[in-house]
Amino acid sequence: MIDSKVFSDMQDLTYLKWSHIRSSSGTAGTFLKSESTIEGVKRYYKLSNFDPLHGVIGHECVNELIVDRLLNILGVEHIHYDLIHAAIEIGGNAFDTYLSCSEDFKRPGESKTALDNYYTMNAEKGESPYDFCARMGWQAYVDTMLAVDYLILNRDRHGANVEILRNARAKTLRPAPLFDHGLSLLFSCRTEEDAAAFDILADQRCQNFIGGFSCYENLSLIKDKQKVFKGKLQKKDKDIIFQNLSGILPDIFIDKIWDMIYTRYNIYENL
């Protein structure tokens, strides 16, 4: 697994052009994405929740880094994200923010399609998304995803947040490594008071293509809970997960997010 990094020195990314993607979770604001290709390497950039009046008002990009490090520890294949301190320009206005950066995860010759579209075209009559994935040989992948989404309370695992990668010439078909975990953890908390009041065990309604609206109830779909994670989460891992995030994320957020992850992990391990 690649170690994710925090680039605290300001980088000039004012050349990036941002496209608007509406939050599918119903939260106020807009999520903006961009991309660049430098020396043949394609990179994707993502902002946290953005408000034209107040600028960046969320911390979803920090969540991407936190989950990246968590999945490294647990031995889960996923898309790697770095966190970059950058100067950007949107609509003629300058902003100073942290954004996430990832590289193209497709192999040469691969095309991608959303899981919900692939399911619609190929599922048997009455077949659930979970059973369809099991029939396709992706049960271990889906079980891991369900467990991860419970640990981080991922509110946005809709059918396009799981992608299927196909190489027609090589006749290969595989699900993409897990990605897009910004709308998780304490993303809905805007203030330290919100974070202090946040219930880390609340089973909030989540948007899941596989399973139902409850991340906790979706754990019942997993056939063998003991074979999902290759690694184990330990108390000492807090320092690894939150390395270099002090000052970027308030301490109360760091402590609450850790309590959330570690408590949920222990609940899962004892199911």
Side-chain angles (χ1 to χ4, degrees), residues 1-9 46 48-49 56 58-85 97-102 144-157 177-204 206 215-216 219 225-271:
M1 298 288 183
I2 301 173
D3 290 332
S4 56
K5 295 180 175 62
V6 178
F7 295 92
S8 297
D9 293 338
K46 220 168 23 172
S48 296
N49 203 3
V56 177
H59 47 89
E60 289 82 3
C61 289
V62 183
N63 286 352
E64 296 283 17
L65 183 86
I66 291 170
V67 176
D68 183 330
R69 290 171 170 176
L70 171 66
L71 299 190
N72 274 349
I73 291 167
L74 295 177
V76 175
E77 185 182 11
H78 62 284
I79 302 305
H80 165 68
Y81 292 93
D82 286 327
L83 189 67
I84 300 175
H85 186 198
T97 188
Y98 278 87
L99 52 81
S100 62
C101 175
S102 62
T144 301
M145 182 183 70
L146 293 174
V148 168
D149 286 347
Y150 168 70
L151 297 186
I152 65 174
L153 189 60
N154 187 359
R155 275 58 132 220
D156 202 33
R157 186 70 75 186
L178 295 182
F179 67 94
D180 207 344
H181 301 107
L183 299 185
S184 65
L185 303 171
L186 270 65
F187 90 91
S188 59
C189 298
R190 295 286 174 244
T191 66
E192 294 190 13
E193 290 75 19
D194 291 340
F198 187 83
D199 183 355
I200 61 174
L201 294 181
D203 191 25
Q204 298 186 27
C206 300
C215 285
Y216 181 77
L219 295 180
K225 296 179 177 60
Q226 300 308 312
K227 293 185 178 181
V228 167
F229 298 131
K230 298 176 182 177
K232 290 190 175 295
L233 186 66
Q234 304 177 63
K235 287 185 178 180
K236 65 180 181 179
D237 292 324
K238 179 181 179 181
D239 292 338
I240 297 173
I241 290 175
F242 296 97
Q243 184 179 15
N244 297 326
L245 292 184
S246 181
I248 298 175
L249 199 62
D251 288 345
I252 190 170
F253 277 79
I254 290 174
D255 292 339
K256 202 67 177 271
I257 290 172
W258 171 250
D259 287 345
M260 179 180 182
I261 292 171
Y262 194 62
T263 300
R264 285 174 170 258
Y265 173 79
N266 282 298
I267 290 173
Y268 175 82
E269 287 290 291
N270 288 288
L271 286 176

Tell me whether Y262 contacts the main-chain N or O of L233 through its side chain, where contact means a donor paired with an acceptor under 3.5 Å.
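No.
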
With a 3.5 Å distance limit and no angle check, can you tell me whether Y81 reaches the backbone of V62 through a side-chain donor-acceptor pair?
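Judged by distance alone, no pair lies under 3.5 Å.
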
Taking it one step at a time, do R264 and L201 satisfy side chain to side chain contact (heavy atoms under 4.5 Å, CB included)?
CA-CA 7 Å; R264 285 174 170 258; L201 294 181; 4.1 Å; yes

What's the separation between atom [atom1] in [X] and atom [atom2] in [Y], rounded to the nearest 0.5 Å?
X    : Y    : atom1 : atom2 : value
F253 : I248 : CZ    : CD1   : 14.0 Å
N154 : L185 : CG    : CG    : 9.0 Å
D239 : R69  : CG    : CZ    : 11.0 Å
I257 : I66  : CD1   : CD1   : 4.0 Å
C61  : D82  : SG    : CG    : 12.0 Å
L146 : Y268 : CG    : OH    : 9.0 Å

Is any side-chain heavy atom of [X] closer than 4.5 Å to a side-chain heavy atom of [Y]?
X    : Y    : result
I254 : K238 : yes
K256 : C189 : no
D149 : C206 : no
S102 : H80  : no
H85  : L99  : no
I73  : F229 : no
L271 : Y150 : no
L245 : H59  : no

Side chains of D68 and H78, donor plus acceptor under 3.5 Å
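The criterion, which ignores hydrogens and geometry beyond distance, is satisfied for H78 and D68.
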
So L70 and Y265, side chain to side chain contact (heavy atoms under 4.5 Å, CB included) or not? Walk me through it.
CA-CA 11 Å; L70 171 66; Y265 173 79; over 6 Å; no

Has F198 got more than 12 heavy atoms of other residues, nucleotides or ligands less than 6.0 Å from its CZ?
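Count over threshold, so yes.
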
Determine whether more than 12 heavy atoms belonging to other residues, nucleotides or ligands lie under 6.0 Å from atom CG of D199.
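It does: D199 CG has more than 12 such atoms within range.
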
Specify the closest pair of heavy atoms between N63 and S184, including all atoms of both residues, with the distance to one decimal.
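Smallest heavy-atom distance, with atoms named: ND2-O, 3.0 Å.
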
Does D3 form a side chain to side chain contact (heavy atoms under 4.5 Å, CB included) with Q243? I'd like the steps, not just the answer.
CA-CA 11 Å; D3 290 332; Q243 184 179 15; over 6 Å; no

Would you call D237 and K232 a salt bridge, using N to O less than 4.0 angstrom?
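Judged by the 4.0 Å cut-off on N to carboxylate O distance, D237 and K232 do not form a salt bridge.
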
Would you call E60 and K46 a salt bridge, taking side-chain N to carboxylate O under 4.0 Å as the test?
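No salt bridge links E60 with K46.
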
